[in-house]
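Since we're looking at a predicted model, the values are computed, not measured. By convention in this document, chain letters (A, B, ...) are assigned in the order of the sequence lines, proteins followed by strands, and residues within each chain are numbered from 1.
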There are 2 protein chains.
Amino acid sequence: MFRTHLVSELNPKLDGSEVKVAGWVHNVRNLGGKIFILLRDKSGIGQIVVEKGNNAYDKVINIGLESTIVVNGVVKADARAPNGVEVHAKDIEILSYARSPLPLDVTGKVKADIDTRLRERLLDLRRLEMQAVLKIQSVAVKSFRETLYKHGFVEVFTPKIIASATEGGAQLFPVLYFGKEAFLAQSPQLYKELLAGAIERVFEIAPAWRAEESDTPYHLSEFISMDVEMAFADYNDIMALIEQIIYNMINDVKRECENELKILNYTPPNVRIPIKKVSYSDAIELLKSKGVNIKFGDDIGTPELRVLYNELKEDLYFVTDWPWLSRPFYTKQKKDNPQLSESFDLIFRWLEIVSGSSRNHVKEVLENSLKVRGLNPESFEFFLKWFDYGMPPHAGFGMGLARVMLMLTGLQSVKEVVPFPRDKKRLTP
Amino acid sequence: MFRTHLVSELNPKLDGSEVKVAGWVHNVRNLGGKIFILLRDKSGIGQIVVEKGNNAYDKVINIGLESTIVVNGVVKADARAPNGVEVHAKDIEILSYARSPLPLDVTGKVKADIDTRLRERLLDLRRLEMQAVLKIQSVAVKSFRETLYKHGFVEVFTPKIIASATEGGAQLFPVLYFGKEAFLAQSPQLYKELLAGAIERVFEIAPAWRAEESDTPYHLSEFISMDVEMAFADYNDIMALIEQIIYNMINDVKRECENELKILNYTPPNVRIPIKKVSYSDAIELLKSKGVNIKFGDDIGTPELRVLYNELKEDLYFVTDWPWLSRPFYTKQKKDNPQLSESFDLIFRWLEIVSGSSRNHVKEVLENSLKVRGLNPESFEFFLKWFDYGMPPHAGFGMGLARVMLMLTGLQSVKEVVPFPRDKKRLTP
């Protein structure tokens, strides 16, 4: 056993008790007669005192920061120390020595640029800020799932090696699969639709891949997609569900990660339900009225969303009813205007974090929709054939975890959030 | 809105109420003056009555099984019907027509072989048995996570496109990554170790890939791996954690999936803690004493595990302390016998469902371990470099979800359990 307590579990009531703590040497101050070690473990940072004359003294006098140690010692209440306690070392075991100097300062006093941080990622992930980010992410995905469990959703796992492209062939990574060409899934779209056609309500949190050529703060080649699909539902049902998911997620993070948010010096936005909805057509008109050069059919990109955000002054808003042709083939047209679709994006300020829609569930309409987009229905036969066998109306969405994390942490780039990001130039670590 | 109630929510207290239900036409009986429809939704099966003369009658008289419909009607208590109620249709809307005959019988009366089932998978997944399997899986992974949350583990997501092989180059799927050769991760092993070296306790549930040439009931090319890594811990800590995970998982499934287990006519094994441990060396001796031709250093495969199970008569047991050379390079040797390792497998009867160990955390030992196995330390530089910067002792395991599901459902092949399995001959659906 490496420890009896985490450092955060030490408190003045333990005064006089023998304890064993283990962790990383976060900082060392040598005051001659005494060495003060700040010992960091997953729970926080505690203070160790090593007296001259103790045989542990020589072991640690030249120890490198980030070495790992086990300290046997006695708790002593001291109001000046973290948590009001110090551990006076009786013996110290060195578990691993860290080389000095470190290529990155874990205490965060010396700032590093993102390239250095990603290259020296293990040390970077030990910084309290990155530990906070990872903790918040874990709470966020837990919250996402809990809201869905409450609504009777079943977690599923869909195949990631696929025979053909979901939404056209662009941006796919080819895989050599037993001598055959296959691809990495861009999204679980078609498979989650099929599963909704069997068990109605499904969700999946899994990697997806898109060969992004561009280097932006919002794109990675490999990303975690949080996907939901729901039968006997339309996009309004889905937007109502997303409101609950986001509301719970933000509030769960605020409640369970108070300390982590303090470390990040950030407060996630408040969610007001219902979340504001603005139609694509109204958004275009609004943008035009602000002098933006945009017309019906154009995408509303980040620069335009910034203008929209300045006008709407809402941290979160849906842009609904997008032009049908600008959305993927499985998107359902609006009954009263087939130029438009039953679709939406959820925007955090100027960043799309969710995209969803009602789906077509009629085979002939899907086939036509593929053709209109220059795609070959034969390549989608494995998908289309099921629409002969009672596919219900259904709707769903995909949510990008790393982008949601920007909303939850205040960080500015998905490359910071993802522990080991993959982009055009990064394949290691 | 497609429905006011799920069919399982209907009960005699609603007698006389107007309701709206939606689902699949599971079965139809035409008694001349009346048509009885068994309507299936995600909650179960309910009975609809359509009287001759009602305009819905003509709509459904020739309807194909598995078509989806919405029924507006009035609840009538009737002790002979499922849940003691029928819905007398006032109107029926057909949402989608299913073609007849179906290529697979969803009611399960006509059995199909596994190839047919996988080819006609959407219909197969609608069978109550497969719905039960998917529900049980969702509860099992929820339970897995909940045990880990309780122990302070953080859920992480590691990269799946990697530059080099984790445990040697065999059985890797190559990916073309922006013109460079890369691979699909066989396991999150090295990345979860690094994350444990930063935040101590991590887990991940994610796909992993192994190019399995053989066609067995226990192997797939793409599988969901449930991975845990824990710093300041050894394999005994990990085995104790696994005991709790398995205990909770089996009991959560028994409690939350009573109905699903009834559908499958199966009871998962009881877990007795502590789970029996038998050392590899003792297992070899025991097998020899039973006439099995086996010697120290050999793998203990499924045929040998069957013999072992017959002797031990335990549904679950650990085989511990495997020969060091038969385990991956990151496995820690035993201090008192470097031929052996601090490693274990957890066996369900004769099936390995978990594999784990204490890990080496000393760079020189790791480098030597790679060389002894004919691997080149330079290929692992992205991993090894961190062992210069305070990697703590750590331990962990990987658990195969599909195999665990065999234990939880009584099914005989992982190909049945996984909705869209990938093996040498299957890339669709």
Side-chain angles (χ1 to χ4, degrees), chain A residues 2-3 22 24 42 66-68 95-96 98-99 102 122-123 125-126 131 134-135 138 141 152 154-161 163 173-178 180 182 191 194-195 197-201 206-207 211 222 224 232 361 382 386 388-393 419-420 422 424 427-429, chain B residues 2-3 22 24 42 66-68 95-96 98-99 102 122-123 125-126 131 134-135 138 141 152 154-161 163 173-178 180 182 191 194-195 197-201 206-207 211 222 224 232 361 382 386 388-393 419-420 422 424 427-429:
Chain A
F2 291 93
R3 56 166 69 114
W24 288 267
K42 77 186 201 63
E66 295 304 309
S67 298
T68 59
L95 297 171
S96 61
R99 183 187 286 190
L102 297 170
L122 178 63
L123 295 170
L125 293 172
R126 288 182 188 161
Q131 294 201 40
L134 290 170
K135 172 75 188 302
S138 187
V141 295
V154 169
E155 184 168 10
V156 295
F157 301 94
T158 66
K160 300 308 165 200
I161 301 186
F173 288 114
V175 181
L176 189 61
Y177 191 77
F178 295 112
K180 289 192 287 281
Y191 289 98
L194 295 183
L195 283 160
I199 61 172
E200 294 202 23
R201 296 186 183 191
E222 178 175 82
I224 299 298
F232 303 105
H361 72 285
F382 80 96
W386 306 112
D388 282 334
Y389 298 112
M391 276 297 281
F420 303 102
R422 292 292 179 258
K424 199 172 173 184
L427 191 49
T428 54
Chain B
F2 290 93
R3 55 166 70 114
W24 288 267
K42 78 185 199 66
E66 295 304 309
S67 298
T68 59
L95 297 171
S96 61
R99 183 187 285 190
L102 297 170
L122 178 63
L123 295 170
L125 292 172
R126 288 182 188 161
Q131 293 201 40
L134 290 171
K135 172 75 188 302
S138 187
V141 295
V154 169
E155 184 168 11
V156 295
F157 301 94
T158 65
K160 300 307 164 200
I161 301 186
F173 288 114
V175 181
L176 188 62
Y177 190 77
F178 295 112
K180 288 193 287 281
Y191 290 98
L194 295 183
L195 283 160
I199 61 171
E200 293 202 22
R201 296 186 183 191
E222 178 175 82
I224 299 299
F232 303 105
H361 72 286
F382 80 96
W386 306 111
D388 282 333
Y389 298 112
M391 276 298 281
F420 303 102
R422 292 291 179 260
K424 200 173 173 183
L427 192 49
T428 54

Toward chain A, the part of B:P419 with a non-hydrogen atom under 4.5 Å: side chain

Report which part of B:A22 has an atom under 4.5 Å of a heavy atom belonging to chain A: side chain, backbone, both, or neither.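 Answer is both: backbone and side chain atoms of B:A22 are under 4.5 Å from chain A.
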
Aromatic rings B:F173 and A:Y177: how do their planes relate, parallel, tilted or perpendicular, breaks at 30° and 60°?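 B:F173 vs A:Y177 ring planes: parallel.
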
Do B:R422 side-chain atoms and A:P159 backbone N/O form a donor-acceptor pair below 3.5 Å?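 Absent.
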
N/O donor-acceptor pair under 3.5 Å between A:E222 side chain and B:I161 backbone: yes

Heavy-atom pairs under 4.5 Å with chain A are the metric here; pick the option from [options] that has the most.
| options | answer |
| --- | --- |
| B:K180, B:E66, B:R3 | B:R3 |
| B:F382, B:F178, B:F420 | B:F178 |
| B:G197, B:A206, B:A211 | B:G197 |
| B:T158, B:V154, B:L125, B:V175 | B:V154 |

So for A:P392, is it side chain, backbone, both, or neither that comes closer than 4.5 Å to the heavy atoms of chain B? both

Measure the NZ-CD1 distance between B:K160 and A:I224 for me, rounded to the nearest 0.5 Å. 7.5 Å

For B:I199 and A:K42, which heavy atoms make the closest approach, and how far apart are they? O-CB, 3.8 Å

Taking side chain as C-beta onward, heavy atoms only, is B:L122 less than 4.5 Å from A:M391?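 Side-chain contact under 4.5 Å: yes.
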
Just so I understand: if I count every heavy-atom pair under 4.5 Å between each of A:P393, A:S67, A:G152 and chain B, which residue has the most? A:P393

When the aromatic ring centroids of A:Y389 and B:W24 are compared, is their separation below 6.0 Å? no

